[in-house]
2 protein chains.
Amino acid sequence: MARAQFDRNEVIEKSIELFWQKGFNASSMEQVVKRTGLKPGSIYYSFGNKEALFRESLESYARKRAAHLHKILDAAPTVGEGLCTILEEVVEESAKENYCSCFLVKTRLELAAEGNELYKYASAKLDEVEALLESYLKKEYSKKVSQRRATSLMMHIFGVRVYGYREGCVERMRQGLREGLPWLPWK
Amino acid sequence: MARAQFDRNEVIEKSIELFWQKGFNASSMEQVVKRTGLKPGSIYYSFGNKEALFRESLESYARKRAAHLHKILDAAPTVGEGLCTILEEVVEESAKENYCSCFLVKTRLELAAEGNELYKYASAKLDEVEALLESYLKKEYSKKVSQRRATSLMMHIFGVRVYGYREGCVERMRQGLREGLPWLPWK
DNA sequence: CACCCATTTGAATAATCACTCAAAAAACTA
DNA sequence: TAGTTTTTTGAGTGATTATTCAAATGGGTG
């Protein structure tokens, strides 16, 4: 076998599922073995160790999320409408079964102690999301207003990511978002 | 020894410190042994098991937080001013070394999978905080407005709890809060 | 076809985990 | 002070953890 037999993307996909749902510490490599079907040796040969596999999963997740945000904001007629779409999506995501917030947010909260590298990575990626929002806002607002509103948006997104665990909270969150972000073109 | 030799409150206090900082899964009972100075047998004899000790720690934390919120809101000249004080405190807390968000929020995010009892408890306590805020708001606003603003406040608090890990973010968050909560009497 | 080497295998390893228990010790009671 | 009950002690348990490795496997290449 000169080339690996498994599909690397599929393995990362399954790992994201597990790590996102359970977090770093509650996920065991045995569970990774079970979900991916690979043997322990293969996983370690291909990915190094648990932290490296987790990191690759986080990277993949962050890449896809950033691409998605870009796509929506580029497709929207105005920045404001794009932001409304994003927020509405985040709200609706919380209504799904097995909702588990945002992989980056969860990692930031779980691994903050001791300056963990995975924490640093998740934090850097979240900062990048804010920078992305700010850059789009600058198309319509001054630098000062854009920065303030980007931070406000981030806090609302984080808010929904935590609030969303509550059952039957979708309408409440919609109201709350309209209250806190009245400058957006809500429908 | 008919009565325990250690101070139960002190042990819970040390446990809160550990569990709050590291979370449930990254905290080992050996670390509890080290921090409290008790022997394993004593801990299990007095508290049952890890989950029960964690729960007692969570309960103690939640009780103290709720009392603190009540105290501030009762002492403030107006509800709005009390809310500003609370938010400013949460922001300033994030600037401390070893900042670790909110024990309840961290527990909610870490243990949501599989309907864990500790997750349910943390969630219920967070819901109670919102109910508390809403009851104070009703003194000055209609039921509808109070509910909407209580949710908005909760989302902002959650937002700060997650955003606060970012370094040098205090001024940013202050700006963001004023942007999202313009109806509060900010100074 | 034969060789090579990347990859797979799965049992094994050592560390750590939550938790237990029988015996010792230390209060309270009479 | 003698006896009873509660609490402490700390070595020990079995399960689970992340990780390793020598041997087997099989695709690519000449």
Side-chain angles (χ1 to χ4, degrees), chain A residues 1-58 107 110-111 113-119 121, chain B residues 1-59 106-107 110-111 113-119 121:
Chain A
M1 307 178 168
R3 294 301 107 128
Q5 289 173 324
F6 59 86
D7 181 336
R8 201 178 173 90
N9 284 338
E10 267 179 34
V11 171
I12 292 294
E13 216 53 46
K14 301 256 187 200
S15 300
I16 289 175
E17 237 177 78
L18 174 68
F19 286 137
W20 183 3
Q21 206 176 98
K22 303 210 178 193
F24 183 83
N25 288 297
S27 303
S28 72
M29 289 303 273
E30 209 196 329
Q31 288 173 302
V32 174
V33 166
K34 240 177 221 164
R35 293 217 189 188
T36 62
L38 295 186
K39 307 290 173 185
S42 278
I43 296 174
Y44 281 87
Y45 178 81
S46 302
F47 298 96
N49 57 23
K50 187 182 178 182
E51 187 172 330
L53 178 59
F54 190 95
R55 194 194 170 91
E56 240 179 271
S57 305
L58 253 191
T107 302
E110 184 188 0
L111 303 178
E114 307 150 33
N116 187 299
E117 280 300 316
L118 296 169
Y119 155 76
Y121 181 82
Chain B
M1 306 183 167
R3 295 301 107 132
Q5 288 174 325
F6 59 86
D7 181 336
R8 201 177 174 91
N9 284 337
E10 267 179 35
V11 171
I12 292 295
E13 216 55 44
K14 301 257 187 198
S15 300
I16 289 174
E17 238 176 77
L18 175 67
F19 286 137
W20 184 2
Q21 206 176 98
K22 303 211 178 191
F24 183 84
N25 288 298
S27 303
S28 72
M29 289 304 273
E30 209 197 326
Q31 288 172 302
V32 174
V33 166
K34 242 178 219 160
R35 293 217 188 188
T36 62
L38 294 185
K39 306 290 171 186
S42 278
I43 296 173
Y44 282 89
Y45 178 80
S46 302
F47 299 96
N49 56 25
K50 186 182 179 184
E51 186 172 330
L53 178 59
F54 190 96
R55 195 194 169 94
E56 240 179 270
S57 305
L58 253 190
E59 280 170 2
K106 287 186 74 173
T107 302
E110 184 188 0
L111 303 178
E114 307 150 33
N116 188 299
E117 279 301 317
L118 296 169
Y119 154 76
Y121 181 81

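Hydrogens, waters and symmetry mates play no part in the numbers below; they use all other heavy atoms, side chains included. Naming convention: chains lettered A, B, ... in sequence-line order (proteins, then strands); numbering from 1 in each chain.
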Pair listing, salt bridge (charged side-chain N to carboxylate O under 4.0 Å, His left out) test, anchored in residues 18-30 of chain A, at least two apart: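 Counting only pairs at least two positions apart or across chains, the salt bridge (charged side-chain N to carboxylate O under 4.0 Å, His left out) contacts touching residues 18-30 of chain A are A:K22-B:E114.
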Pairs touching residues 39-58 of chain A that satisfy salt bridge (charged side-chain N to carboxylate O under 4.0 Å, His left out), sequence neighbours left out: A:R8-A:E56, A:R55-A:E59
Using whole Å, report how far [atom1] of [X] lies from [atom2] of [N].
| X | N | atom1 | atom2 | value |
| --- | --- | --- | --- | --- |
| B:F6 | C:dA27 | CZ | P | 14 Å |
| A:K22 | D:dT16 | NZ | C1' | 14 Å |
| A:I43 | C:dT7 | CD1 | P | 15 Å |
| B:E30 | D:dG10 | CD | C1' | 13 Å |
| A:R8 | C:dT7 | CZ | C1' | 13 Å |
| B:N25 | C:dC17 | CG | P | 12 Å |
| A:K39 | D:dG26 | NZ | P | 14 Å |
| A:L38 | C:dG10 | CG | P | 12 Å |

Nearest-neighbour nucleotide for the A:S28 side chain, C:dT8, D:dT6, D:dT17 considered: D:dT17
side-chain contact (heavy atoms from CB on, under 4.5 Å) partners of [X], counting only residues at least two apart:
| X | value |
| --- | --- |
| A:Y119 | A:R108, A:L111, A:A112, A:N116, A:S123, B:Y165 |
| A:E17 | A:R35 |
| A:N9 | A:D7 |

Residues forming a ring pair (Phe, Tyr, Trp, His ring centres under 6.0 Å) with B:F47, sequence neighbours excluded: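 Applying ring pair (Phe, Tyr, Trp, His ring centres under 6.0 Å) to B:F47 gives none.
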Quick one: side chain to side chain donor-acceptor pair (under 3.5 Å) partners of [X], sequence neighbours excluded?
| X | result |
| --- | --- |
| A:K14 | none |
| B:E13 | B:K64 |
| B:N49 | none |

Touch class at under 4.0 angstrom, heavy-atom based, for A:F47 against every strand present: nothing
Nucleotide-resolved protein contact map, nucleotides 19-24 of chain C, B/S/- at heavy-atom distance under 4.0 Å: BBB---
Position toward the 5' end of DNA chain D (nearest nucleotide), B:G37 or A:S27: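 Checking each residue's closest nucleotide, the 5'-ward one belongs to B:G37.
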Strand contacts (DNA chain D) in residues 11-19 of chain B, 4.0 angstrom heavy-atom criterion: none
Quick one: does any side-chain atom of [X] pair with a main-chain N or O of [Y] as donor and acceptor, under 3.5 Å?
| X | Y | result |
| --- | --- | --- |
| B:S42 | B:L38 | no |
| B:Q31 | B:S28 | yes |
| B:E110 | B:T107 | no |

Bracket notation of DNA chain D in which parentheses pair within the strand, [ ] cross earlier pairs, and | pairs with another strand (Watson-Crick or G-U, under 3.5 Å): ||.||||||||||||||||||||||||.||
Short side-chain N/O contact to C:dA27 OP1/OP2 from B:Q5, under 4.0 Å: yes
